[in-house]
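For reference, positions follow the sequence shown, starting with 1.
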Amino acid sequence: MEKVRYGENIFELVPGGFDLIKQDKLTIRHQKGKKTLDQIKAIAKSVTASDSIDLLNSDGEMIRSLDGYVYAGDIREIEDYLVEEKQVEVSGTGSLAEGQEPEYTTEEVRADIAVVVFRLPDIRDELEDIKSVQEDMLVAMLEGGN
């Protein structure tokens with residue numbers, strides 16, 4: 001199963017869990033593992049535009065890397081999400097007669113998952129940050145500060 005790495009943490013993706021809907025919005029659906037939703041939110045918030053979000057194969061090798069994305073403020077938890085369906089041979093079938101097919105049943109693998117949305121930063125946010133720093137510097141200069 002594919003994995004995703006962000007904020008120096010690796011999570012198991014669910015099928016279709018790496019969804020780049022538009023170039024400016026990335027939705028990731030992954031298993032929570034042993035992390036709480038608050039811990040995952042803190043990890044997502046720590047991702048800056050200079051960090052990468054990496055899609056990995058089941059062996060941990062890089063498939064795709066995206067940078068420039070930040071946490072969009074949207075995280076949800078889905079409990080008991082269907083992660084995988086396995087075909088399992090029914091036990092007790094013993095030896096099969098010639099031409100007889102083994103019997104299988106479907107086994108569902110379920111887990112709690114997190115849905116985390118990342119976005120490209122809005123230039124207006126960056127301008128607001130610059131404006132705030134400039135205002136702080138101006139006030140400090142007018143007050144005779146360093």
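- Both Leu66 and Leu55 belong to a single network of hydrophobic side chains, linked directly or stepwise wherever heavy atoms of I, L, V, M, F, W or Y lie under 4.5 Å apart.
- Remark: the backbone N or O of Asp59 is paired with a side-chain donor or acceptor of Asn57 at under 3.5 angstrom.
- Rounding to the nearest 0.5 angstrom, the gap separating the OG atom in Ser58 from the NZ atom in Lys3 is 7.0 Å.
- Residues Val115 and Tyr81 are members of one and the same hydrophobic cluster, defined by side-chain heavy-atom contacts under 4.5 angstrom among Ile, Leu, Val, Met, Phe, Trp and Tyr.
- One side chain, Gln87 or Thr106, offers a donor N or O that lies under 3.5 Å from an acceptor on the other.
- The NZ atom of Lys41 sits 11.0 Å away from atom OG1 of Thr36, with the distance rounded to the nearest 0.5 Å.
- Taking each heavy atom of Val14 and Gln31 in turn, the nearest pair found is CG1-CG, 4.3 Å.
- Exactly one residue among Leu56, Thr27, Leu26 makes a side chain to side chain contact (heavy atoms under 4.5 Å, CB included) with Phe18. That residue is Leu26.
- Among all heavy-atom pairs drawn from Val70 and Ala49, the shortest one is CG1-N, 3.6 Å.
- When the shell of 6.0 Å around CE of Met1 is examined, it contains more than 12 heavy atoms from other residues, nucleotides or ligands.
- Taking the six-membered ring for Trp and thresholds of 30 and 60 degrees, Phe118 and Tyr6 have ring planes more than 60 degrees apart, a perpendicular arrangement.
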>> Between Tyr71 and Val47, is the side-chain contact (heavy atoms from CB on, under 4.5 Å) condition met? List the steps.
In response: CA-CA 7 Å; Tyr71 176 60; Val47 174; 5.8 Å; no
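- The shortest side-chain heavy-atom distance between Ile53 and Ile28 falls under the 4.5 Å cut-off.
- Minimum heavy-atom separation, Asp51 to Ser46: OD2-O, 3.6 Å.
- Between the side chain of Asn9 and the backbone N or O of Gly7 there is at least one donor-acceptor pair closer than 3.5 Å.
- Between Arg119 and Val117, the closest side-chain pair of non-hydrogen atoms is not below 4.5 Å.
- Taking Ser65 as the reference, Asp54 meet the side chain to side chain donor-acceptor pair (under 3.5 Å) condition, with sequence neighbours excluded.
- Nearest heavy atoms, Pro102 versus Glu89: CB-OE2, 3.7 Å.
- The NZ atom of Lys45 sits 10.0 Å away from atom CD1 of Ile75, with the distance rounded to the nearest 0.5 Å.
- Between Ile43 and Lys35 there is a side-chain heavy-atom pair separated by less than 4.5 Å.
- Applying the side chain to side chain donor-acceptor pair (under 3.5 Å) rule to Tyr69 yields no partners; only residues at least two apart in sequence or on another chain are considered.
- Ile78 and Phe11 sit in two unconnected hydrophobic clusters of ILVMFWY residues. Membership requires side-chain heavy atoms under 4.5 Å apart, directly or through other members.
- The distance from the CE atom of Met141 to the CG atom of Asp136 is 12.5 Å, given to the nearest 0.5 Å.
- Looking only at side-chain heavy atoms (C-beta outward), Val116 and His30 come within less than 4.5 Å of each other.
- Under a hydrophobic clustering in which Ile, Leu, Val, Met, Phe, Trp and Tyr are joined whenever their side-chain heavy atoms come within less than 4.5 Å, directly or via other members, Ile10 and Val83 fall into different clusters.
- Within a 6.0 Å radius of CD in Glu108, more than 12 heavy atoms belonging to other residues, nucleotides or ligands are found.
- The side-chain heavy atoms of Met62 and Arg5, taken from C-beta on, include a pair separated by under 4.5 Å.
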>> Run Arg110 and Leu82 through side-chain contact (heavy atoms from CB on, under 4.5 Å) and show every step you take.
In response: CA-CA 5 Å; Arg110 295 185 170 270; Leu82 179 62; 3.8 Å; yes
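- Here the side chains of Val133 and Met137 are in contact, with some heavy-atom distance below 4.5 Å.
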>> Could you go through Glu107 and Thr105, starting from their C-alpha distance and side-chain angles, then the distance that decides it, and tell me whether this counts as side-chain contact (heavy atoms from CB on, under 4.5 Å)?
In response: CA-CA 6 Å; Glu107 185 178 286; Thr105 186; 5.6 Å; no
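- Across every non-hydrogen atom of Ile113 and Arg29, the tightest pair is CD1-CB, 4.3 Å.
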